[in-house]
Peer 1: 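Handing you this structure, nothing more for now.
In this chain, numbering begins with 1 at the start of the sequence shown. The figures here come from the full heavy-atom set of this structure, side chains too, leaving out hydrogens, waters and symmetry mates.
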Amino acid sequence: MIPKFMMANGALVRVLIHTDVTKYLNFKAVDGSFVYNKGKIHKVPANDVEALKSPLMGLFEKRRARKFFIYVQDYDENDPKSHEGLDLNKVTARELISKYGLDDNTVDFIGHALALHRDDSYLGEPAMDFVKRMKLYAESLARFQGGSPYIYPLYGLGELPQAFARLSAVYGGTYMLSKPECKVEFENGKAFGVTSEGETAKCKKVVCDPSYLPDKVKKIGKVARAICIMSHPIPSTHDSHSVQVILPQKQLGRKSDMYLFCCSYSHNVAPKGKYIAFVLTEAETDNPQVELKAGTDLLGPIDEIFFDTYDRYEPTNQNDGDNCFISASYDATTHFETTVQDVIAMYSKITGKTLDLSVDLSAASAAEE
């Protein structure tokens, strides 16, 4: 129920390959990646060739965008010749973009639909991260030669915990499922176990989400969400059976982006002929129906719709003091890039090691569905 796609070349896929979890999973490419601009849905151009065809830009803007895309595609951190005299660790994203004279509309879809920034604060930061994010998008798109850079597991995201549980069992892990009311036990401020139904499982460290330790987290926001069951694909997405549409904040006059996510029977998550669409955003009011209207209006006829909101938390505890490692809540984005950074940071805190994810992705035959 937390709808997220994976970048085909992104950190989560690298984690899955690194851990060998891919042998328990089957993936299918996502059909489309789109962006909302001036009231319409458009395919996201991801390289110089697509930029030239895109109706998002006028003729002269297309030429400028093409030059910018070529710069990003050719950029190599270790080859100063490709830098064109720019130090991307010092030059801001705004300065890099202004060098190519791109207009605000173009910057909007590049920053939000390609680089997947959630607001415009990235413009004042060093351009290196912005360029790396754009390269990741293009590399992910190239992996499948499909309509989008995203992949999604057959049978849905429930396959992820199932696959990790299987792998954990292979290495001697024990699972206790459907345990009600798990309580973390402390002694002298340090966690030493988890109790449920009168049984205490002893441990040296507790890893959990914010709901288990509400006194060790702080609220940082709220997500508004609509869950829609439909009998057709989202209009204007070329009949895509699975799709992400990003609605940049500026297009809606909001502080944060809105996301549409749709998947269907093609990923085995719904009965034949049915589509499940989610509309999500960082809540700015207490009325999700009104707040999400810009997104739900794009869906066409809806069989059934459900609205809800959930609070987002992040940990405030000292890991070395209480032996508790708490993840942040899921945000409104419909991709895993932000979540995986949190997971990798937790891994480093728990183990004291840095995770090397420089794996050979061509060896990932399980993900090459």
Side-chain angles (χ1 to χ4, degrees), residues 3-10 29-57 61-62 64-66 68-69 72-73 93-94 96-97 100 102-123 127 129-144 146-152 234 236-238 240 242-262 277-282 294-295 298 331-338:
K4 289 188 186 287
F5 292 132
M6 302 171 202
M7 297 289 272
N9 217 29
V30 171
D31 294 339
S33 175
F34 292 81
V35 65
Y36 178 80
N37 186 275
K38 295 181 183 167
K40 288 186 177 163
I41 293 175
H42 300 276
K43 183 177 187 309
V44 176
N47 56 37
D48 55 318
V49 179
E50 288 196 351
L52 287 175
K53 294 181 190 165
S54 175
L56 281 164
M57 299 170 280
E61 182 66 7
K62 281 179 180 174
R64 289 190 287 269
R66 180 172 179 265
F68 178 63
F69 277 125
V72 170
Q73 280 162 9
R94 185 180 279 110
L96 174 64
I97 287 163
Y100 288 89
L102 302 178
D103 72 24
D104 285 352
N105 256 329
T106 308
V107 174
D108 218 21
F109 81 74
I110 288 177
H112 293 257
L114 261 73
L116 302 179
H117 286 288
R118 287 177 285 170
D119 54 43
D120 282 343
S121 60
Y122 75 94
L123 287 166
D129 180 51
F130 170 59
V131 167
K132 281 184 173 171
R133 283 166 172 247
M134 283 188 66
K135 286 179 85 69
L136 170 65
Y137 190 100
E139 287 158 8
S140 296
L141 193 68
R143 281 202 69 196
F144 292 101
S148 87
Y150 302 107
I151 58 176
Y152 192 72
I234 296 176
S236 308
T237 59
H238 312 327
S240 297
S242 52
V243 67
Q244 174 181 263
V245 185
I246 293 180
L247 290 71
Q249 54 179 102
K250 258 192 204 149
Q251 300 291 328
L252 306 173
R254 294 175 51 79
K255 294 193 195 89
S256 50
D257 292 358
M258 192 175 291
Y259 300 86
L260 297 191
F261 168 105
C262 179
F278 290 79
V279 185
L280 305 102
T281 190
E282 187 68 24
L298 297 172
D331 59 26
T333 60
T334 44
H335 53 78
F336 268 111
E337 291 306 294
T338 47

Peer 1: Only one of D31, I234, I41 forms a side chain to side chain contact (heavy atoms under 4.5 Å, CB included) with V243, so which one is it?
Peer 2: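 So, applying the side chain to side chain contact (heavy atoms under 4.5 Å, CB included) to V243 and each of D31, I234, I41, only I234 qualifies.
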Peer 1: Are F34 and S240 side-chain neighbours, meaning at least one heavy-atom pair lies under 4.5 Å?
Peer 2: yes
Peer 1: With rounding to the nearest 0.5 angstrom, report the CG to NZ distance, L298 to K40.
Peer 2: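 With rounding to 0.5 Å, CG (L298) is 12.5 Å from NZ (K40).
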Peer 1: Can you find a pair of side-chain heavy atoms, one from V35 and one from L114, that are under 4.5 Å apart?
Peer 2: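 Counting from C-beta outward, V35 and L114 never come under 4.5 Å.
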Peer 1: Considering all heavy atoms of both residues, which atom of A113 and which atom of V44 are nearest to each other, and what is their separation?
Peer 2: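 Smallest heavy-atom distance, with atoms named: CB-CG2, 3.8 Å.
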Peer 1: Between the side chains of N105 and N37, is a donor N or O closer than 3.5 angstrom to an acceptor N or O?
Peer 2: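 Yes, side-chain donor-acceptor contact under 3.5 Å.
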Peer 1: Working to the nearest 0.5 Å, report the span between CG of D119 and NE2 of H112.
Peer 2: 7.0 Å
Peer 1: Do the rings of Y122 and H117 sit parallel, tilted or perpendicular, given the 30° and 60° boundaries?
Peer 2: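 Judged by the thresholds at 30° and 60°, the geometry between Y122 and H117 is parallel.
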Peer 1: So, the side chain of K43 versus the backbone of G32: is there a donor-acceptor pair under 3.5 Å, distance only?
Peer 2: no
Peer 1: Would you mind reporting whether M258 and L252 have side-chain heavy atoms less than 4.5 Å apart?
Peer 2: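 SC-SC contact between L252 and M258 confirmed.
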Peer 1: Is it true that the side chains of T334 and Y150 contain a donor and an acceptor less than 3.5 Å apart?
Peer 2: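 No - no donor-acceptor pair under 3.5 Å links their side chains.
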Peer 1: Any chance you could measure I151, atom CD1, to N9, atom CG, to the nearest 0.5 Å?
Peer 2: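 Going from CD1 on I151 over to CG on N9, the span is 9.5 Å.
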Peer 1: Provide the closest heavy-atom pair for Y36 versus V245 in the form atom of the first, atom of the second, distance.
Peer 2: N-CG1, 4.3 Å
Peer 1: Determine the minimum heavy-atom distance between A8 and R143, stating which atoms define it.
Peer 2: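 Taking every non-hydrogen atom into account, O-NH1, 2.5 Å.
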Peer 1: Which heavy atom of C262 sits nearest to which heavy atom of F5, and what is that distance?
Peer 2: O-CZ, 3.7 Å
Peer 1: Verify, without hydrogens or angle tests, whether E61 (side chain) and D103 (backbone) share a donor-acceptor contact under 3.5 angstrom.
Peer 2: yes
Peer 1: Calculate, to the nearest 0.5 Å, the distance between atoms OG1 and NZ belonging to T338 and K4 respectively.
Peer 2: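 Between T338 OG1 and K4 NZ, I get 4.5 Å after rounding to 0.5 Å.
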Peer 1: Of all the heavy-atom pairs spanning T333 and R118, show the shortest one and how long it is.
Peer 2: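 Of all heavy-atom pairs spanning T333 and R118, the closest is CG2-CD, 3.4 Å.
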Peer 1: How about F261 and Y152: are their ring centres within less than 6.0 Å of each other?
Peer 2: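 Yes, close enough.
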Peer 1: Roughly how far, to the nearest 0.5 Å, is the NE2 atom of H335 from the CG atom of L116?
Peer 2: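 Here the interatomic distance stands at 4.0 Å.
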Peer 1: Evaluate salt bridge (charged side-chain N to carboxylate O under 4.0 Å, His left out) for D120 paired with R94, printing each intermediate quantity in order.
Peer 2: CA-CA 10 Å; D120 282 343; R94 185 180 279 110; over 6 Å; no
Peer 1: Take L96 and V131, measure what side-chain contact (heavy atoms from CB on, under 4.5 Å) needs, and give me the verdict at the end.
Peer 2: CA-CA 10 Å; L96 174 64; V131 167; 3.6 Å; yes
Peer 1: Applying the side chain to side chain contact (heavy atoms under 4.5 Å, CB included) criterion to T106, which one of I110, D108, D104 satisfies it?
Peer 2: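 It is I110, the one option of I110, D108, D104 that forms the side chain to side chain contact (heavy atoms under 4.5 Å, CB included) with T106.
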Peer 1: What pair of heavy atoms forms the shortest contact from V72 to M134, and how long is it?
Peer 2: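 For V72 versus M134, the nearest heavy atoms are CG1-CB, 3.8 Å.
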Peer 1: Donor-acceptor pair, distance only, cut-off 3.5 Å: does the side chain of Q251 make one with the backbone of K38?
Peer 2: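 Indeed, once roles are kept as given, a pair shorter than 3.5 Å links the two residues.
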Peer 1: side-chain contact (heavy atoms from CB on, under 4.5 Å) for F109 and M57? Distances and angles first, verdict last.
Peer 2: CA-CA 11 Å; F109 81 74; M57 299 170 280; 4.1 Å; yes
Peer 1: For L247 and T281, what are the C-alpha separation, side-chain angles and deciding distance, and is it a side-chain contact (heavy atoms from CB on, under 4.5 Å)?
Peer 2: CA-CA 10 Å; L247 290 71; T281 190; over 6 Å; no
Peer 1: Rounded to the nearest 0.5 Å, how far does CE of M7 lie from OH of Y137?
Peer 2: 7.0 Å
Peer 1: Before giving the answer on side-chain contact (heavy atoms from CB on, under 4.5 Å), spell out for I246 and Y259 the whole-Å C-alpha distance, their side-chain angles and the decisive distance to 0.1 Å.
Peer 2: CA-CA 5 Å; I246 293 180; Y259 300 86; 3.9 Å; yes
